[in-house]
*Asks:* 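My structure is below; once you've seen it, I'll send some questions.
From a predicted model like this one, the values you see are computed outputs, not experimental measurements. Indexing begins at 1, ligand by ligand and atom by atom, following the structure's order.
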Amino acid sequence: MRPLAVVTGASRGIGKGIALALASAGYDLAGLATRPDPDKQSEGLYAVKAEAEKRGASFQVLAGNIAALDEHQAWIDTLLERFGRIDLLVNNAGVAPLERKELLDMSPESFDRVLGINLRGPFFFSQRVAVTMKKLLEEGREIEPKIIFISSISSRIVSTNRAEYCVSKAGLSMAAQCFAMGLASSGIPVFDLQPGLIGTDMTSAVKEKYDALIAEGLVPAQRWGTPEDVGRAVVALAQGGFDYSTGAVIEIGGGMGVQRL
Ligand code: NAI
């Protein structure tokens, strides 16, 4: 029986790259997105579903908002009913501020929106999924439980024109550490992946700015990262070789976060 991975924000970008890499690696998938596009089944999450199925995976579409905590248990119940297991949670869904504003102009509304989606939602979804994983383990089910947080290099590197995003990601990285410690004795490894500059819809608005910075040497690898770069890293962790490294923080940034002189 294939293990089941839940990927939040799987309809495009990094989440899509992760979902398809996991499908190729032998996982069944549940993908969450705010707009899976039920009227246009050839786009969004349904397109990812079709591609994953070509790779042999069963795929459950979950439509919802990660920030709406009261929706979480219904998603988990749907998955337990269909698959009877949850092996891997990848907390990938996230948003940038609607508008980049300098620190002293940023509004409480933008702060609450970004923190709600990027931190509060994944924190409490992870809590519920971890409770479920522990219960399955206690029942003697042979699952391969792991939780991966997709935070960001912005957990550590400051951008003053999107402080709420940086604060949300720093909080998410601490959440990963807390879950790693809280779940270590239960045999549930937890990891924090910190992507650098990855070419997706989220970064398309600032592509030219970062193209220039990459040309000037910001990224030692001299290129944008891709969703496939992140997908490969997730598969490497999912396959179990790093289980004793719970709490590890892994940058996927082409060397961008390494301090240089
Ligand atoms: P994207 O904007 O292309 O895709 C975001 C995905 O999250 C979509 O599937 C969307 O439906 C889903 N989503 C957004 N809000 C949601 C909500 N409230 N509830 C449920 N799903 C929701 O973004 P991208 O670039 O693929 O980023 C994915 C994650 O990686 C985000 O957490 C982002 O902060 C993080 N990241 C991205 C980097 C980049 O350079 N693109 C760099 C570092 C981290």
Side-chain angles (χ1 to χ4, degrees), residues 6-21 29-38 43-49 61-72 74-75 89-98 100 112-126 148-157 159 162 164-173 175-176 192-207 209-211 213-214 218-219 221 223-231 233-234 249-254 256-257:
V6 184
V7 181
T8 66
S11 65
R12 64 186 202 182
I14 293 173
K16 177 180 178 182
I18 292 170
L20 295 182
L29 266 306
L32 171 73
T34 30
R35 287 185 57 244
D37 296 323
E43 287 182 18
L45 208 44
Y46 286 95
V48 179
K49 176 178 189 280
V61 168
L62 297 173
N65 177 1
I66 193 69
L69 305 196
D70 56 357
E71 296 181 21
H72 292 178
W75 306 335
L89 168 62
V90 186
N91 285 300
N92 165 78
V95 291
L98 291 173
R100 288 187 176 207
D112 289 348
R113 170 181 172 268
V114 172
L115 271 283
I117 295 171
N118 290 3
L119 178 57
R120 189 170 182 269
F123 185 99
F124 286 102
F125 188 48
S126 299
I148 296 175
F149 289 84
I150 307 295
S151 64
S152 171
I153 213 159
S154 297
S155 297
R156 297 179 287 119
I157 297 182
S159 301
R162 49 183 184 132
E164 67 276 60
Y165 181 81
C166 298
V167 169
S168 74
K169 292 298 185 175
L172 195 65
S173 288
D192 178 14
L193 291 192
Q194 301 191 340
L197 296 176
I198 312 293
T200 66
D201 288 283
M202 183 183 275
T203 46
S204 60
V206 285
K207 183 172 181 309
K209 173 185 167 184
Y210 287 131
D211 279 346
L213 290 172
I214 291 170
L218 178 70
V219 178
R223 67 166 176 87
W224 282 84
T226 64
E228 291 72 28
D229 288 321
V230 186
V234 168
V249 179
I250 300 166
E251 180 187 315
I252 310 175
M256 183 182 161

*Asks:* So which heavy atom in the protein is nearest atom 5 (C) of ligand 1, and how far is it from that ligand atom?
*Replies:*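 Residue, atom and distance for the closest contact: Gly94 O, 3.9 Å.
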
*Asks:* Looking only at distances, please establish whether an N/O atom of ligand 1 is found under 3.5 Å from an N/O atom of Ile66.
*Replies:*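 Among all N and O atoms of Ile66, at least one is under 3.5 Å from an N or O of ligand 1.
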
*Asks:* Below 3.5 Å, N or O to N or O, backbone or side chain included: is there any such pair between Ile198 and ligand 1?
*Replies:* yes

*Asks:* Run Ser204 and Asp201 through side-chain hydrogen bond (donor to acceptor under 3.5 Å, both in side chains) and show every step you take.
*Replies:* CA-CA 5 Å; Ser204 60; Asp201 288 283; 5.0 Å; no

*Asks:* Using distance alone, determine whether Gly9 and ligand 1 share an N or O pair under 3.5 Å.
*Replies:*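 Yes - when backbone and side-chain N and O of Gly9 are compared with those of ligand 1, one distance drops under 3.5 Å.
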
*Asks:* Any N or O on Tyr165 sitting closer than 3.5 Å to an N or O of ligand 1?
*Replies:*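 Such a contact does occur with ligand 1.
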
*Asks:* Any salt bridge linking Glu164 with Arg113? Criterion: basic side-chain nitrogen under 4.0 Å from a carboxylate oxygen.
*Replies:*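 A salt bridge is absent here (no side-chain N lies under 4.0 Å from a carboxylate O).
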
*Asks:* Would you say the side-chain atoms of Asn118 pair up with the backbone N or O of Gly94, donor to acceptor, closer than 3.5 Å?
*Replies:*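 Pair absent, no side-chain N/O of Asn118 close to backbone of Gly94.
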
*Asks:* Return the residue, atom name and 0.1 Å-rounded distance of the protein heavy atom closest to atom 21 (N) of ligand 1.
*Replies:* Ala93 CB, 3.5 Å

*Asks:* Does Lys169 come within less than 4.0 angstrom of ligand 1, counting non-hydrogen atoms of the residue?
*Replies:* yes

*Asks:* Heavy atom to atom 30 (O) of ligand 1, shortest distance: which of Ile14, Val7, Thr8 holds it?
*Replies:*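 It is Ile14 that holds the nearest heavy atom.
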
*Asks:* Nearest to atom 1 (P) of ligand 1, what protein heavy atom do you find, and at what distance?
*Replies:*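 That would be Arg12 NE, 3.4 Å.
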
*Asks:* Does the side chain of Ser173 come under 3.5 Å of the side chain of Asp192 through a donor N or O and an acceptor N or O?
*Replies:*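 Present: a donor and an acceptor within the cut-off.
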
*Asks:* Does this structure show an ion pair linking Asp229 with Arg223, if we count only N-O contacts that are shorter than 4.0 Å?
*Replies:* yes

*Asks:* Passes side-chain contact (heavy atoms from CB on, under 4.5 Å), Thr200 versus Ile14? Steps please.
*Replies:* CA-CA 7 Å; Thr200 66; Ile14 293 173; 3.9 Å; yes

*Asks:* Nearest to atom 43 (C) of ligand 1 by heavy atom, Pro195, Gly31, Gly253, Pro227: which?
*Replies:* Pro195

*Asks:* Is the closest N or O pair between Arg35 and ligand 1 shorter than 3.5 Å?
*Replies:* no

